[in-house]
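Owing to the predicted nature of the structure, the values given are computational and were not obtained by experimental measurement.
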Amino acid sequence: TPEIVLYEPAPNGGLRITGVDYLVFAADWDKTHTSAPELNGQLFHFFDAPSRFGLPPFYTLHVWAWKNNPTGTFTNWNPKVSCDGYNGQD
């Protein structure tokens, strides 16, 4: 089960689902493992701290399941995802 669901804002103020993100805190994982986690043969990416996310070091795997990513289904960033539809209101 993914820990994070990824959305992008739509011009009408709604949200469109784009993908999911699996997240494992490195301190927890590294206690009992010597390599990065993987899911169905896909290795998780390591993010060290400090990071723009404000989290301790973690491993993550993006899955762009609802929006095609020309750089790959499991890459961290999708150049086709945009926040241009965000209207400034939370």
>> Do F44 and V24 have side chains that approach each other closer than 4.5 Å (heavy atoms only, starting at C-beta)?
In response: yes
>> To the nearest 0.5 Å, what is the distance between CG on L55 and CG on L23?
In response: 6.5 Å
>> To check you understand the geometry: which heavy-atom pair defines the closest contact between V63 and Y22, and what is its length?
In response: CG2-CE1, 3.9 Å
>> Using 0.5 Å steps for rounding, measure from the CG atom of L61 to the CG atom of L39.
In response: 6.0 Å
> Rounded to the nearest 0.5 Å, how far apart are OG of S51 and CZ of F46?
Replying inline: 10.0 Å
>> Would you compute the distance between atom NZ of K80 and atom CD of E8 and round it to the nearest 0.5 angstrom?
In response: 11.0 Å
> Would you say V5 and I17 make side-chain contact, with heavy atoms under 4.5 Å?
Replying inline: yes
> Roughly how far apart are T73 OG1 and K67 NZ, rounded to 0.5 Å?
Replying inline: 14.0 Å
>> If hydrophobic clusters are built by linking Ile, Leu, Val, Met, Phe, Trp and Tyr wherever their side-chain heavy atoms come under 4.5 Å apart, do Y7 and I4 end up in the same one?
In response: no
> Do you know the tightest heavy-atom contact between R16 and P9?
Replying inline: NH2-O, 4.0 Å
> Do F25 and F58 have ring centroids that are under 6.0 Å from one another?
Replying inline: no
>> With no hydrogens and no angle check, just 3.5 Å: does a side-chain donor-acceptor pair link T60 and N76?
In response: no
> Between P2 and D21, is any pair of side-chain heavy atoms under 4.5 Å apart?
Replying inline: no
>> Is it the case that the side chains of Y59 and D30 hold a donor-acceptor pair, with the cut-off being a distance below 3.5 Å and no angle test?
In response: yes
> Side chain of N69, backbone of W77: donor and acceptor closer than 3.5 Å?
Replying inline: yes
>> Are there over 12 heavy-atom neighbours, none belonging to N40, within less than 6.0 Å of that residue's CG?
In response: no
>> Between L43 and W29, is there shared hydrophobic-cluster membership here, with clusters defined by ILVMFWY side-chain heavy atoms closer than 4.5 Å?
In response: no
> CG of N78 to CG of L6: how many Å apart, nearest 0.5 Å?
Replying inline: 9.5 Å
> So H62 and W64, would you call those rings parallel, tilted or perpendicular, with 30° and 60° as cut-offs?
Replying inline: tilted
